[in-house]
Amino acid sequence: MTQGENDSSVPNGQMERREREPMKRSYSVENGYTGKTRSLVGDAKFEKLVRRESRLSFFNQESQDIQELSEDEAILMESLQDEAANSKIKLSLLIKLSNAVLGMTSIVKTVEVQDGNLVHLETREPKAGGLENVVMEVLLTVEIVKDRILQLISQVKTREHVQHVKAVGCKRATVKGVWFPRHISELDNCNHILTKFEPELDMNHPGWSDGEYRARRKMIADNSFNYRHGDKIPTIEYTKEEIATWDAVYAKVFELLPDRASSVHRKYLSIMEKECGFGLGKIPQLEDVSNFLKKSSGFSLRPAAGLLTARDFLASLAFRVFQCTQYVRHHTSPHYSPEPDLLHELIGHTPIFADPSFAQFSQEIGLASLGASDEEIEKLATVYWFTVEFGLCKENGSIRAYGAGLLSSYGELLHALSQKESVEYRAFDPASASVQEYDDQAYQDIYYIAESFEDAKAKLRVWIGENLGRQFTVRYLPLTQSIEVVDSLESAADIIEEMKLQVNQLSSAFEQIGRK
C-alpha cells in the first residue's frame, strides 16, 4: 500500500513494508546457477535454492531447543516473520497416526498444553502406498499464538502414535507474512540484482572487453535505477552504432514475419510503425511506446537496469507493467544477446502486449505470482517461458509464433516453425508446461501451441485455481492501480456489488438493442 492509504487487515504497527532481504549471492555458475545465460526460469530456480538454504540455516540456528525443521516448517516460519510474537495464527497440520484413538488423545492434549484452540478436525483413511502402520490421517486446524507454533509441531512429532506431521496451511501468514506490491508505486521496491552475466562481470559477454560499451551500459542503467513511479521514462539518444544494430535485427526479422508471426503481432507492429516510430533508421523511445500501450491495452513500460528476480518481474505484470531494458546488445553480435535487451523487448514483446486479450493473459500470470511460494514462482516462470517468450498459436489451421523470443530472433523463429522431426509440438497445457525442462543454450526442442489466447487464458485460470497453494485471491483495481486481497466474505462484497452493476448494464444494453 502507499502512504496515505489504510488497510484495515494490517495492524497500525505493521503498516510499513518490511525490508526484504536482498539475494546474498550473485547469479553465477560458481554459486549454483544452472544456466550459462540469465533467464526468468533459471532465476526462479536459483532464487528458490538460495532461499531454501538460508531458511533452513537461519531457523535451525534460532531453534536449538526444537527438533530440526523441515523445509515446509522453515517456509512457514519465514512467512510469519512480520507477525507479533503473541498474534493468533490459524495453523493447519496433516498428521498420520498408527493408532487412531490413542493418537488423537495425545494430539488434543498437546494442543491444550500449548494453549491452542481447536478450530477444525477432519479424519480420513490413509492413501494406499503411503507409510506403513498408518491407520488414520488427521487434518487439524488450531488457533495458537505465533510463539508456540514450533513447540506445538515439535511436541506433536514426538507423540508415540504419530508417524508423520506436515504443516499444510497458515491463513494469516499468507497475506501479511509474504510481501508483495499492493500499489503500482511499490514497484519502485522491485530492484535489479547485479549479476555475473553482465558485460563487466562475464568474460564471455560480447561487450566484456569493450570499455566504451560497458560505460555506455552503466550510464543507461543509472537512469533506470533513478526512475520512480510517475516519472517520465528517460530519453536515450542512441548512437549510430546502436541504430545500425537495431536496423540489422529489425530488417531481418521483419522480412520473416509474414506467414510466420501471429496476425496479432503483425497488426500492432504495423500500427506502431506509424505511431511509435518503429522501422529503420531510428530506435523508438520507451515513453512513446508506453503511452501507445496504455491506450491500446492498459499496459505500460517501466525502465529496468537489467534482469530482475523472477518474483519481482512477474509481480510487475500483475499491474500490467512490463519491466523493459533500454540498452542495446553489442554491435559485434547483432543477432544474439546473452540477456534481454531493448531490441528483444520492443520487437518481440511490445506489439503483442498491445492486444487486450494477450495483455489479460500476461496479467493473470502476474496476479497468480503474488504471495506464491518459491516452487510456484518457478512453475509460473516456466509457463511464461513457454508462452510469452516461446509460444506458438493456431490461426486458420496454420501455426504462428507469438512468443517474443521467437519474434526477435530469426534463427529460433525459423527453427520453431521448421516441422523438423527433432521438434515436438504440444497442445498448450499449463500443468505440462510448468514443469517442462528447457535448454537456454540451444533452440527449443518442445513448443506449446495455443488454440487461441482466450483458450490459453481459460486453461491458465483452471490450472491456477487447482494448483496455487495460497489461501486468498487477488484482483487488480485499475482505477487506483492497486491490488486488493480477497480472503473473506467481507472483502468479496465489493466484487458482488460490481457484478450486480455489470449485470444491470448488460440488461439495459440488451433492452436498447431490442428496441432497434
Side-chain angles (χ1 to χ4, degrees), residues 2 181 183-192 216-247 249-250 254 265 267-308 312-313 315-329 337 339-356 358-359 362-363 366 388 404 407-408 476 478-481:
T2 56
H183 186 266
I184 192 170
S185 62
E186 293 181 4
L187 295 181
D188 290 346
N189 300 318
C190 297
N191 297 320
H192 164 61
R216 173 75 169 165
R217 281 278 293 263
K218 183 179 184 303
M219 182 275 291
I220 295 176
D222 287 343
N223 285 337
S224 299
F225 273 126
N226 295 327
Y227 177 87
R228 293 295 178 267
H229 172 70
D231 294 347
K232 183 178 179 180
I233 299 177
T235 296
I236 304 296
E237 296 296 334
Y238 290 102
T239 66
K240 292 182 179 180
E241 196 170 65
E242 289 167 335
I243 294 173
T245 302
W246 162 272
D247 284 352
V249 176
Y250 193 90
F254 190 83
H265 182 276
K267 168 188 172 181
Y268 286 104
L269 181 60
S270 176
I271 297 174
M272 294 169 82
E273 286 188 326
K274 300 173 184 177
E275 298 196 22
C276 303
F278 276 61
L280 302 179
K282 178 184 177 182
I283 299 179
Q285 294 293 331
L286 291 194
E287 180 72 11
D288 296 333
V289 179
S290 184
N291 289 334
F292 170 79
L293 292 178
K294 289 175 185 177
K295 293 187 297 181
S296 182
S297 67
F299 244 85
S300 63
L301 303 180
R302 180 188 173 97
L307 279 161
L308 304 176
D312 285 347
F313 178 83
S316 301
L317 295 179
F319 295 86
R320 295 205 175 198
V321 172
F322 182 68
Q323 300 267 7
C324 190
T325 56
Q326 288 186 283
Y327 55 78
V328 175
R329 64 192 62 176
S337 176
E339 74 275 272
D341 73 330
L342 182 70
L343 280 58
H344 168 78
E345 320 279 43
L346 290 185
I347 299 174
H349 280 295
T350 58
I352 205 79
F353 277 133
D355 178 67
F358 185 80
S362 302
Q363 184 179 30
V388 182
L407 297 171
S408 61
Y476 178 64
L479 294 179
T480 58
Q481 296 183 298

Novice: So, using side chain to side chain donor-acceptor pair (under 3.5 Å) as the criterion, who are the partners of Thr350 when residues are at least two apart?
Specialist: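 If we apply the side chain to side chain donor-acceptor pair (under 3.5 Å) test to Thr350, skipping adjacent residues, there are no hits.
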Novice: As an exercise, state the distance from OG of Ser316 to CG of Leu308, rounded to the nearest 0.5 Å.
Specialist: 6.0 Å
Novice: State, to 0.1 Å, how close Asp247 and Gly279 come at their nearest heavy-atom pair, and which atoms those are.
Specialist: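 Scanning both residues completely, I find the closest heavy atoms to be OD1-O, 4.3 Å.
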Novice: Hey, is the main chain of Thr235 close enough, under 3.5 Å, to the side chain of Gln285 for a donor-acceptor pair?
Specialist: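 No.
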Novice: Search all heavy atoms of Pro340 against all heavy atoms of Thr325 and return the closest pair with its distance.
Specialist: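 The answer is O-OG1, 3.7 Å.
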Novice: So which atom in Ala404 and which in Gly348 form the shortest heavy-atom distance, rounded to 0.1 Å?
Specialist: CB-C, 3.4 Å
Novice: Is any side-chain heavy atom of Trp246 closer than 4.5 Å to one of Ile347?
Specialist: yes
Novice: Determine all donor-acceptor pairs shorter than 3.5 Å in which one atom belongs to a side chain in residues 291-299; sequence neighbours excluded.
Specialist:
residue : atom : partner : partner atom : Å
Asn291  : ND2  : Glu287  : O            : 3.2
Ser296  : OG   : Ala354  : O            : 2.6
Ser297  : OG   : Phe299  : N            : 3.4
Ser297  : OG   : Phe353  : O            : 2.6

Novice: Who passes ring-ring contact (aromatic ring centres under 6.0 Å, His included) against Tyr238, sequence neighbours left out?
Specialist: none
Novice: With Ser362, which residues qualify under side chain to side chain donor-acceptor pair (under 3.5 Å), at least two apart?
Specialist: none
Novice: Evaluate the side-chain proximity of Phe254 to Leu269: yes if any heavy-atom separation is below 4.5 Å, no if none is.
Specialist: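 Contact flag for Leu269/Phe254 side chains = yes.
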Novice: With a 4.5 Å limit on heavy-atom distance, are the side chains of Gln326 and Tyr227 in contact?
Specialist: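 Side chain of Gln326 against side chain of Tyr227, heavy atoms only: no contact under 4.5 Å found.
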Novice: Tell me, please, which residues at least two apart from Asp222 pass salt bridge (charged side-chain N to carboxylate O under 4.0 Å, His left out).
Specialist: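 Partners of Asp222 under the salt bridge (charged side-chain N to carboxylate O under 4.0 Å, His left out) test: Lys218.
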Novice: So which heavy atom on Glu186 is nearest to which on Pro181, and how close?
Specialist: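 For Glu186 versus Pro181, the nearest heavy atoms are OE1-CA, 3.3 Å.
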Novice: Answer yes or no: is there a donor N or O on one side and an acceptor on the other, between the side chain of Ser290 and the main chain of Leu286, under 3.5 Å?
Specialist: no
Novice: Identify, with sequence neighbours excluded, every residue that meets salt bridge (charged side-chain N to carboxylate O under 4.0 Å, His left out) alongside Glu242.
Specialist: Arg216
Novice: Side chains of Leu346 and Pro284: does their closest heavy-atom pair fall under 4.5 Å?
Specialist: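 They are in contact (side-chain heavy atoms under 4.5 Å apart), so the answer is yes.
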Novice: Carefully, step by step, assess Val388 and His349 under the rule side chain to side chain contact (heavy atoms under 4.5 Å, CB included).
Specialist: CA-CA 8 Å; Val388 182; His349 280 295; 3.6 Å; yes
Novice: Output all residues satisfying side chain to side chain donor-acceptor pair (under 3.5 Å) with His265, sequence neighbours left out; order by chain, then residue number.
Specialist: none
Novice: List in chain and number order the residues that pass salt bridge (charged side-chain N to carboxylate O under 4.0 Å, His left out) with Arg302, two or more places apart in sequence or in another chain; answer none if no residue qualifies.
Specialist: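 Listed in chain order: Asp188.
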Novice: Taking atom CG of Asn223 and atom CD1 of Ile236, what is their separation to the nearest 0.5 Å?
Specialist: 5.0 Å
Novice: Can you tell me how far apart CG (Leu280) and CD1 (Ile243) are? Round to the nearest 0.5 Å.
Specialist: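 Spacing of CG (Leu280) from CD1 (Ile243) equals 11.0 Å.
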Novice: Can you find a pair of side-chain heavy atoms, one from Phe319 and one from Gln363, that are under 4.5 Å apart?
Specialist: no
Novice: Could you grab the distance from atom OG1 of Thr245 to atom CG of Leu343, nearest 0.5 Å is fine?
Specialist: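 It comes to 7.5 Å.
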Novice: Once you round to the nearest 0.5 Å, how far does NZ of Lys282 lie from OH of Tyr250?
Specialist: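 Spacing of NZ (Lys282) from OH (Tyr250) equals 12.5 Å.
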Novice: Tell me, please, which residues at least two apart from Asp355 pass side-chain contact (heavy atoms from CB on, under 4.5 Å).
Specialist: Val264, Tyr268, Ser357, Phe358, Phe453
Novice: Glu275: which residues meet the side chain to side chain donor-acceptor pair (under 3.5 Å) condition with it, sequence neighbours left out?
Specialist: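 If we apply the side chain to side chain donor-acceptor pair (under 3.5 Å) test to Glu275, skipping adjacent residues, there are no hits.
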Novice: Between Arg320 and Ala359, what is the shortest heavy-atom contact and its length?
Specialist: NH1-CB, 3.7 Å
Novice: In chain order, what residues pass the salt bridge (charged side-chain N to carboxylate O under 4.0 Å, His left out) check against Asp341, with sequence neighbours excluded?
Specialist: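 Residues passing salt bridge (charged side-chain N to carboxylate O under 4.0 Å, His left out) with Asp341: Arg329.
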Novice: Do Val289 and Met272 have side chains that approach each other closer than 4.5 Å (heavy atoms only, starting at C-beta)?
Specialist: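 Of all side-chain heavy-atom pairs linking Met272 with Val289, at least one is under 4.5 Å.
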Novice: Which heavy atom of Asp231 sits nearest to which heavy atom of Asn226, and what is that distance?
Specialist: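 Nearest pair, atom of Asp231 first, then Asn226: OD2-O, 4.1 Å.
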